[in-house]
Trainee: 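Please read through the structure below; I'll follow up with questions.
Fair warning: this is a prediction, and the values are worked out from it, not measured in the lab. All residue numbers in this chain count up from 1 along the given sequence. Every heavy atom of this structure was used, including side-chain atoms; hydrogens, water molecules and symmetry mates were not.
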Amino acid sequence: MTAPVSPSSATGAANGAGAISQDELKAQVGRAALAYVAKGEIVGVGTGSTVNKFIDALATIKDQIKGAVSSSVASTERLRALGIPVFDSNEVDELGVYIDGADEIDHHGFMVKGGGAALTREKIVAAQSRRFVCIADASKLVDTLGAFPLPVEVIPMAARRVMRQFEAMGGIAQVREKDGLPLVTDNGQHIVDVTGLRISDPLAFESEVSQWPGVVTVGVFAHQKADVCLLGTPSGVQTMQFD
């Protein structure tokens, strides 16, 4: 179930001077997420443009935390550039909170993630954390997952067979490319993006696809769903809490 959506006190309502840019909405939720960071703890940090705003905000309280565990090379570089220590996930038994964005999030806290190709490490850090706080702008909130191309990290030799399995589901699958070649993830694998799906049962879907040989990680976050979503809207940051 989803708790009633209520404005956060972290940001005020938008003034009437004009529309707020998506970039500013991301900055608002990045700042609002600081309320979930406990002093003296190591923070789980995700990947992406919204998370970059959170990292910038985190730098303002870096003397109050021990550091971070990061889900990508890009986030690690940004954290270190701002003077925030980064720990290997194997150095930390448990994290109090994981802050990350989403490509889609529904009204139950289930998400599609992996637009930035860091889904495997994101899922690892999410599983290591007691609480997942999703930060997103309002355009990411959907009734049913599937409109955003579903990222699936695969072992390269399995890509074509995995694509055929999605095609049998009615999806359209293709290997993500960069500069004309298959994109290589931080883990040395490839990404298959799938469109044309309507994911009405995210838990069952994630469980099924995760068992396919060659799939490293599917970008449905249902078993590691969000506990809280801070949603950036023109009227301020709204808080959604999930059972």
Side-chain angles (χ1 to χ4, degrees), residues 8-11 23-103 105 109 111 113-137 140 151 153 183-189 191 216-217 219 221 223-232 237 239:
S8 166
S9 61
T11 61
D23 193 62
E24 177 54 28
L25 293 177
K26 292 177 180 182
Q28 286 184 358
V29 295
R31 292 189 296 267
L34 293 180
Y36 293 85
V37 176
K39 291 183 179 180
E41 286 199 346
I42 298 172
V43 183
V45 176
T47 303
S49 58
T50 307
V51 172
N52 285 342
K53 301 295 187 182
F54 168 67
I55 293 173
D56 294 345
L58 191 64
T60 67
I61 62 164
K62 63 184 178 183
D63 294 335
Q64 300 176 33
I65 61 171
K66 290 182 180 178
V69 169
S70 164
S71 68
S72 71
V73 172
S75 288
T76 294
E77 291 175 348
R78 191 179 190 95
L79 287 160
R80 286 179 172 158
L82 292 170
I84 301 171
V86 179
F87 294 83
D88 185 278
S89 62
N90 290 307
E91 297 178 288
V92 183
D93 290 333
E94 186 179 59
L95 298 167
V97 67
Y98 178 55
I99 313 288
D100 201 359
D103 298 306
I105 183 167
M111 296 168 288
K113 293 175 48 55
L119 61 160
T120 296
R121 296 189 184 194
E122 289 171 349
K123 198 168 280 192
I124 290 169
V125 183
Q128 192 175 357
S129 306
R130 293 192 299 273
R131 195 178 205 188
F132 190 143
V133 176
C134 174
I135 52 176
D137 65 84
K140 305 301 193 297
E153 186 164 359
L183 180 146
V184 178
T185 70
D186 289 348
N187 307 310
Q189 312 299 343
I191 297 287
V216 179
T217 305
F221 281 58
H223 292 283
Q224 278 80 43
K225 73 171 190 171
D227 298 295
V228 176
C229 179
L230 302 178
L231 203 66
V237 176
T239 301

Trainee: Donor-acceptor pair, Gln128 side chain versus Val92 backbone, under 3.5 Å?
Mentor: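 Such a contact is found between Gln128 side chain and Val92 backbone.
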Trainee: Which pair of non-hydrogen atoms, one from Gly83 and one from Pro85, has the smallest distance, and what is that distance?
Mentor: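 So the minimum-distance heavy-atom pair works out to O-CD, 3.6 Å.
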Trainee: Would Glu153 and Lys123 satisfy salt bridge (charged side-chain N to carboxylate O under 4.0 Å, His left out), going step by step from the backbone distance to the final call?
Mentor: CA-CA 12 Å; Glu153 186 164 359; Lys123 198 168 280 192; over 6 Å; no
Trainee: With sequence neighbours left out, write down each residue that passes side chain to side chain contact (heavy atoms under 4.5 Å, CB included) with Ser129, or none if nothing qualifies.
Mentor: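 Testing Ser129 for side chain to side chain contact (heavy atoms under 4.5 Å, CB included), a comparison that skips the adjacent residues, returns Leu95, Tyr98, Val125.
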Trainee: Is there a side-chain contact between Leu119 and Ile191 in this structure, where contact means two heavy atoms from C-beta onward sitting under 4.5 Å apart?
Mentor: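 They are in side-chain contact.
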Trainee: Under 3.5 Å, side chain of Arg131 to main-chain N/O of Tyr36, donor-acceptor pair present?
Mentor: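 Between the backbone of Tyr36 and the side chain of Arg131 there is no qualifying donor-acceptor contact (under 3.5 Å).
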Trainee: Between Gly115 and Pro151, what is the shortest heavy-atom contact and its length?
Mentor: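 Answer, listing the atom of Gly115 first, then Pro151: N-CG, 3.9 Å.
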Trainee: Considering non-hydrogen atoms only, spot the tightest contact between Lys66 and Phe87 and give its length.
Mentor: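 Answer, listing the atom of Lys66 first, then Phe87: O-CE1, 3.5 Å.
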Trainee: Given 3.5 Å as the limit, does a donor-acceptor pair link the side chain of Asp100 with the main chain of Val51, or not?
Mentor: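 Here the side-chain-to-backbone pair does not exist.
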Trainee: What is the minimum heavy-atom distance between Cys134 and Gly101, and which atoms define it?
Mentor: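 For Cys134 versus Gly101, the nearest heavy atoms are SG-C, 4.1 Å.
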Trainee: For the atom pair OG (Ser49) and NZ (Lys26), what is the distance rounded to the nearest 0.5 Å?
Mentor: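 If we round to the nearest 0.5 Å, Ser49:OG and Lys26:NZ are 2.5 Å apart.
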Trainee: Hey, what do you get for CG (Leu79) to CG (Asn52), rounding to the nearest 0.5 Å?
Mentor: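 It comes to 9.0 Å.
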Trainee: Check whether any side-chain N or O of Lys62 sits under 3.5 Å from a backbone N or O of Leu82 as a donor-acceptor pair, and report yes or no.
Mentor: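 Yes.
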Trainee: Enter the distance from Gln28:CD to Asp23:CG here, rounded to the nearest 0.5 Å.
Mentor: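 Answer rounded to 0.5 Å: 10.5 Å.
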Trainee: Between Ile99 and Ala33, what is the shortest heavy-atom contact and its length?
Mentor: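 That would be CG2-CB, 3.9 Å.
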Trainee: Might you point out which heavy atoms bring Asp186 and Val73 nearest each other, and give the distance in Å?
Mentor: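 So the two residues come closest at OD2-N, 3.1 Å.
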Trainee: Quick check on Asp88: does its CG atom have over 12 non-hydrogen neighbours (other residues, nucleotides or ligands) under 6.0 Å away?
Mentor: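 For Asp88, atom CG is crowded (more than 12 foreign heavy atoms under 6.0 Å).
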Trainee: Taking the side chain as every heavy atom from C-beta outward, state whether Val29 and Leu231 have any atom pair closer than 4.5 Å.
Mentor: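 No, too far: nothing below the 4.5 Å cut-off.
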Trainee: Does some side-chain heavy atom of Leu230 sit less than 4.5 Å from a side-chain heavy atom of Thr239?
Mentor: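 Yes. Closest side-chain heavy atoms under 4.5 Å.
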Trainee: I want to check something: taking the side chain as every heavy atom from C-beta on, are Arg121 and Asn187 in contact at a cut-off of under 4.5 Å?
Mentor: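 Sidechains of Asn187 and Arg121: in contact.
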Trainee: CG/Asp103 to CD1/Ile105 distance, rounded to the nearest 0.5 angstrom?
Mentor: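 Going from CG on Asp103 over to CD1 on Ile105, the span is 11.0 Å.
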Trainee: Could I get the full list of salt bridge (Lys or Arg N to Asp or Glu O under 4.0 Å) partners for Asp137, not counting sequence neighbours?
Mentor: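 If we apply the salt bridge (Lys or Arg N to Asp or Glu O under 4.0 Å) test to Asp137, skipping adjacent residues, the hits are Lys140.
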Trainee: Is any side-chain heavy atom of Ile84 closer than 4.5 Å to one of Val45?
Mentor: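 Heavy-atom side-chain distance check fails, nothing below 4.5 Å.
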Trainee: Do the numbers put Lys225 on top of the ring of Phe132, so that NZ or CZ is under 6.0 Å from the six-membered ring centre and no more than 45° off the axis?
Mentor: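 So Lys225 doesn't make the cation-pi contact.
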Trainee: Report yes if the side chains of Leu34 and Phe54 come closer than 4.5 Å at any heavy-atom pair, otherwise no.
Mentor: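 Answer yes - side chains close enough.
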Trainee: Quick check for you: to the nearest 0.5 Å, what is the distance between Glu122 atom CD and Ser70 atom OG?
Mentor: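 So the gap between those two atoms works out to 9.5 Å.
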Trainee: With respect to Ser72, which candidate in Thr185, Thr47, Thr120 satisfies the side-chain hydrogen bond (donor to acceptor under 3.5 Å, both in side chains) definition?
Mentor: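 The option that passes is Thr47.
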